[in-house]
Amino acid sequence: MKRIRLFRLLSRGLLPLMLAACSGGPRLAQAPAQPELAQPPQRIVQSGYSFMPPAGKAWHIAGRNRTQVVLAKPGPGPDETMMIVAGNVAAPRFESPAVFERYVHDQMTREAEADGRFSSRQAEFTTLTHDGAQCVQAHMTSVDHQARRRSGRKGDMILEIVQLSCRNPHDAGTVTYLGYSQRYEPGQRDPHFMDKGMQILDSLEFSRF
């Protein structure tokens, strides 16, 4: 079974990307040299879902296959990045919203704490309904103690994620997720992070596979 794994993916910045999963999971087509997304932005359509990427220059597709996509953009600093990660993962059928929330919580926090690279500063999980689907919204902020910096500099960086994980209404055995993240220097948080992230998450729509 795949896991909702974002921390290792997001911490790699603009390096070649793959959505980490159990053995046999599909690889993303790596495309770090892709041109920028068209402006004004156009809805990105994947199997089972779609969403609107943000307006603005420098966003490009860093990896994509039929169900998963990664968008990336350099941040204002040489080691800072912004990323959007979306996809489908197989999941068990959940008995209740509380069980589903626990599943998302466990998946995301286990990944963050797997090897001691990240230490959590904040983790909030909220159950809600979006586009007719049962969802959990996560907002996590962690310190990356082994940040891979393009500049060659050393030191911790901050990774902040807001993510929507939903039981796809067209397939009870599929969880669809859409996440927005920023990796930034301590003290350099974008004050509009949540506004930008929620605009992306609010655009998520579900479709038949």
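Quick caveat, the model's predicted, so the values are computed rather than measured.
- Both Met108 and Tyr103 are assigned to one and the same hydrophobic cluster, defined by single-linkage of ILVMFWY side chains at heavy-atom distances under 4.5 Å.
- By the neighbour-count criterion of 12 heavy atoms within 6.0 Å, atom CD of Gln199 is sparsely surrounded, having that number or fewer from other residues, nucleotides or ligands.
- Residue-environment remark: CZ (Arg121) stays at or below the threshold of 12 foreign heavy atoms within 6.0 Å.
- Remark: side-chain polar atoms of Lys73 are paired, donor with acceptor, to backbone N or O of Lys57 under 3.5 angstrom.
- In this structure, the side chains of Asp131 and Tyr49 stay at 4.5 Å or more apart for every pair of heavy atoms.
- Side-chain heavy atoms closer than 4.5 Å link hydrophobic residues (I, L, V, M, F, W, Y) into clusters, and following such links, even through other members, never connects Tyr184 to Ile161.
- Side-chain contact between Phe206 and Pro169 is present, with heavy atoms from C-beta onward closer than 4.5 Å.
- Taking a 6.0 Å sphere around CZ of Arg208, one finds it holds 12 or fewer heavy atoms contributed by other residues, nucleotides or ligands.
- Side chain of Arg64 to main chain of Gln46: no donor-acceptor pair is present (N/O by atom type, distance under 3.5 Å, no hydrogens or angles).
- The shortest heavy-atom contact between Phe51 and Leu204 is CB-CA, 4.3 Å.
- Donor-acceptor pairing under 3.5 Å is recorded for the side chains of Asn168 and Thr176.
- Under the 4.5 Å side-chain heavy-atom criterion for grouping Ile, Leu, Val, Met, Phe, Trp and Tyr, Val45 is not connected to Leu178 through any hydrophobic cluster.
- In the hydrophobic cluster analysis, where Ile, Leu, Val, Met, Phe, Trp and Tyr join through side-chain heavy atoms closer than 4.5 angstrom, Val99 is grouped together with Val175.
- Side-chain contact between Phe100 and Thr127 is absent, with no heavy atoms from C-beta onward closer than 4.5 Å.
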Inset, instruction - For side-chain contact (heavy atoms from CB on, under 4.5 Å), just list the numbers for Leu128 and Leu164, CA-CA rounded to whole Å, side-chain angles, deciding distance to a tenth of an Å, and then say yes or no. - result: CA-CA 10 Å; Leu128 52 86; Leu164 196 61; 3.9 Å; yes
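- The hydrophobic cluster containing Phe193 does not contain Met157, counting ILVMFWY residues as joined when their side-chain heavy atoms lie under 4.5 angstrom apart, directly or transitively.
- Nearest heavy atoms, Gln39 versus Gly56: NE2-O, 2.9 Å.
- With Asp144 contributing its side chain and Leu159 its backbone, the two residues share no donor-acceptor pair below 3.5 Å.
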Inset, instruction - Apply side-chain contact (heavy atoms from CB on, under 4.5 Å) to the pair Met198 and Tyr180, showing each step before the final yes or no. - result: CA-CA 9 Å; Met198 291 309 302; Tyr180 171 71; over 6 Å; no
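- In this structure, CD on Glu80 lies 10.5 Å from OG on Ser151, to the nearest 0.5 angstrom.
- Taking CE from Met140 and CD from Glu124, the interatomic distance works out to 10.5 Å, rounded to the nearest 0.5 Å.
- Annotation: the span from Thr174 atom OG1 to Arg93 atom CZ amounts to 9.0 Å, rounded to 0.5 Å.
- Heavy atoms only, all atoms of each residue included: Pro97 and Gln134 are closest at CA-NE2, 2.9 Å.
- Side-chain contact between Gln137 and His130 is absent, with no heavy atoms from C-beta onward closer than 4.5 Å.
- If you take CZ on Arg102 and CZ on Phe125, they are separated by 9.0 Å, rounding to the nearest 0.5 Å.
- Atom CD in Gln163 sits 4.0 Å away from atom OG in Ser165 (nearest 0.5 Å).
- Scanning all heavy atoms of the two residues, the minimum distance from Asn88 to Gln68 falls at O-NE2, 4.0 Å.
- Annotation: side chain of Arg43 is in contact with side chain of Met52 (closest heavy-atom distance under 4.5 Å).
- More than 12 heavy-atom neighbours from other residues, nucleotides or ligands sit within 6.0 angstrom of CD on Gln122.
- No donor-acceptor pair under 3.5 Å is formed between the side chain of Glu101 and the backbone N or O of Thr126.
- From Asp190, atom CG reaches atom CD of Gln182 across 4.5 Å, with rounding to the nearest 0.5 Å.
- Between Gly48 and Phe209, the shortest heavy-atom contact is CA-CE2, 3.7 Å.
- Remark: the Gln146 side chain and the Arg117 side chain contain no N/O donor-acceptor pair separated by less than 3.5 Å.
- Looking only at side-chain heavy atoms (C-beta outward), Gln188 and Pro76 stay at 4.5 Å or farther from each other.
- Counting heavy atoms from C-beta on, the side chains of Val143 and Ile158 come closer than 4.5 Å.
- Across all non-hydrogen atoms, the minimal contact from Asp156 to Arg149 is O-NH2, 3.2 Å.
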